[in-house]
Student: 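To start, I am sharing the structure in question, which I have written as structure tokens.
Quick caveat: nothing in here was measured; it's all calculated off a predicted structure.
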Amino acid sequence: MSATRIGVVGAGGRMGRMLIEAALKDEQLAVGAAFDMPGSPVIGKTAGDLVGMACDVLVTDDVAAGLKNIDCLIDFTRPQGTLQHLELCRQAGVGIIIGTTGFEAEGKEAIAAAAREIPVVFAPNMAVGVNLVFKLLETAASILNQGYDIEIVEAHHRLKIDAPSGTALRMGEVVAGALGRDLAECAVYGREGVTGERDPSTIGFATVRGGDIVGDHTVMFCGLGERVEVTHKASSRMPYALGSMRAARFIAGRKSGLFDMQDVLGLR
């Protein structure tokens, strides 16, 4: 069986380099294209140059042309760019794995529409451990469904542009769903001043931004006399890259469909 050929957007960035490295170490995958912004200093270099490994695929800024050489594209950039790449993939019949966060409702609708024509894996977090945590939270919330206040605390590096993180929001959605609540109606995203007593039906979010924190998430179930915490901490971006490789293997050969990492890992 031939290797699935992937393309990486943002090849010169930290996540892009990690994705290239993970793909080059995966016997079932091959790097078929690498892309970066016009004017990037990595344009014209090889993907191998970026990670110190053997790979002669040149980094270009022409995504449309490069799609001819791959089976799926991996995108961890920003919503506007990702949606442009999504449309190019749809036109070319190429699958896409989206790790980008911060989409508005319109962007999510565009992703769902494209998935009717091409295979799409769209997840707020590609790390296998985080997706296991989603499953654990579903169980915890269904058991701790009375007498527990729920707070979600997340921390990321100073360069992250959206808050709360997509992962934290997904954690909130999982917990709210298990409790029969709508997160849009019960989420509290900030507290300041005289707030009054806590409404027990709410789910609180707290956001920390600083330094080079890769990603820490904790969901707290706070009862009387006890507290249950479910935590995931990432010390590097490699878990996101490795999860993306599993997603690439998952959609290989699929014609269309919208999937997330729960599908990829068989956790449904």
Student: Taking ring-ring contact (aromatic ring centres under 6.0 Å, His included) as the test, write out the residues that go with Phe103, two or more places apart.
Tutor: Phe122
Student: Think Arg254 forms a cation-pi with Phe250, using NZ or CZ under 6.0 Å from the six-ring centre and within 45 degrees of its axis?
Tutor: yes
Student: Measuring from Ile6:CD1 to Ile70:CD1, what's the distance to the nearest 0.5 Å?
Tutor: 8.5 Å
Student: Give, for atom OG1 of Thr82 and atom CG of Leu73, the distance between the pair rounded to the nearest 0.5 Å.
Tutor: 9.0 Å
Student: Counting distance only, does the side-chain N/O of Arg209 pair as donor-acceptor with the main-chain N or O of His157 below 3.5 Å?
Tutor: no
Student: Begin with the C-alpha distance, continue with both residues' side-chain angles, and end with the deciding distance and a verdict on side chain to side chain donor-acceptor pair (under 3.5 Å) for Asp75 and Thr77.
Tutor: CA-CA 6 Å; Asp75 192 321; Thr77 58; 2.5 Å; yes
Student: List the residues meeting salt bridge (charged side-chain N to carboxylate O under 4.0 Å, His left out) with Lys135, not counting sequence neighbours, and say none if there are none.
Tutor: none
Student: Under 4.5 Å between any side-chain heavy atoms of Thr46 and Val59, yes or no?
Tutor: no
Student: Please enumerate all residues that pass side-chain contact (heavy atoms from CB on, under 4.5 Å) together with Arg78, with sequence neighbours excluded.
Tutor: Ile161
Student: What is the distance from atom CZ of Arg170 to atom CG of Leu183, rounded to the nearest 0.5 Å?
Tutor: 10.0 Å
Student: Could you give the side-chain donor-acceptor pairs of residues 34-41 under 3.5 Å, partners two or more places apart or in another chain?
Tutor:
| residue | atom | partner | partner atom | Å |
| --- | --- | --- | --- | --- |
| Asp36 | OD2 | Gly12 | N | 2.7 |
| Ser40 | OG | Val42 | N | 3.3 |

Student: Is the closest side-chain heavy-atom distance between Cys89 and Ile118 below 4.5 Å?
Tutor: yes
Student: Surrounding CZ of Arg191 (heavy atoms of other residues, nucleotides or ligands, distance under 6.0 Å), is the total greater than 12?
Tutor: yes
Student: Heavy-atom distance under 4.5 Å between the side chains of Leu169 and Phe205, does that happen here?
Tutor: yes
Student: Hey, do the aromatic rings of Tyr240 and Phe76 have their centres closer than 6.0 Å?
Tutor: no
Student: Got a sec, which residues hit side-chain contact (heavy atoms from CB on, under 4.5 Å) with Ala206, two or more places apart in sequence or on another chain?
Tutor: Val153
Student: Would you say CG of Leu224 has more than 12 non-hydrogen atoms from neighbouring residues, nucleotides or ligands within 6.0 angstrom?
Tutor: no
Student: Please evaluate residues Lys160 and Glu154 with respect to the criterion salt bridge (charged side-chain N to carboxylate O under 4.0 Å, His left out), reporting the C-alpha separation (whole Å), side-chain torsions for both, the decisive distance (0.1 Å), and the verdict.
Tutor: CA-CA 12 Å; Lys160 187 168 178 61; Glu154 61 97 343; over 6 Å; no
Student: Is Asp212 salt-bridged to Arg158, cutoff N-O under 4.0 Å?
Tutor: no
Student: Any side-chain heavy atom of Val121 sitting closer than 4.5 Å to one from Asp263?
Tutor: no
Student: Between Glu138 and Val174 (side chain of the first, backbone of the second, donor and acceptor by atom type, cut-off under 3.5 Å), is there such a pair?
Tutor: no
Student: Do Leu19 and Met245 have side chains that approach each other closer than 4.5 Å (heavy atoms only, starting at C-beta)?
Tutor: yes
Student: Out of Asn125, Asp162, Thr167, which residue meets the side-chain hydrogen bond (donor to acceptor under 3.5 Å, both in side chains) rule with Thr101?
Tutor: Asp162
Student: Does any non-hydrogen side-chain atom of Met220 lie less than 4.5 Å from one of Ile150?
Tutor: no
Student: Any heavy-atom pair between the side chains of Ile251 and Ile97 that's under 4.5 Å?
Tutor: yes
Student: For atom CD of Gln80, decide whether the heavy atoms of other residues, nucleotides or ligands shown that lie under 6.0 angstrom number more than 12.
Tutor: no
Student: Could you tell me the separation between the CD1 atom of Ile203 and the OH atom of Tyr189, rounded to the nearest 0.5 Å?
Tutor: 9.0 Å
Student: Is Glu173 paired with Arg181 through a side-chain N to carboxylate O contact shorter than 4.0 Å?
Tutor: no
Student: Phe221 versus Leu137: any side-chain heavy-atom pair under 4.5 Å?
Tutor: yes
Student: How many angstroms lie between atom CG of Leu88 and atom CG of Leu67, to the nearest 0.5 angstrom?
Tutor: 6.0 Å
Student: Would you please say whether a donor-acceptor pair under 3.5 Å links the side chains of Ser165 and His217?
Tutor: yes
Student: Between Arg227 and Glu229, is the closest basic N to carboxylate O distance under 4.0 Å?
Tutor: yes
Student: How many angstroms lie between CE in Met126 and CG in Leu265, if you round to the nearest 0.5 Å?
Tutor: 10.5 Å
Student: Assess the side chains of Thr202 and Asp199: does a donor N or O sit below 3.5 Å from an acceptor N or O?
Tutor: no
Student: Check side-chain contact (heavy atoms from CB on, under 4.5 Å) between Ser142 and all other residues, then give those that pass, not counting sequence neighbours.
Tutor: none
Student: Same cluster or not: Met171 versus Ile143, using hydrophobic residues (I, L, V, M, F, W, Y) connected whenever any side-chain heavy atoms lie under 4.5 Å apart?
Tutor: yes
Student: Are the charged groups of Glu21 and Arg237 less than 4.0 angstrom apart, N to O?
Tutor: no
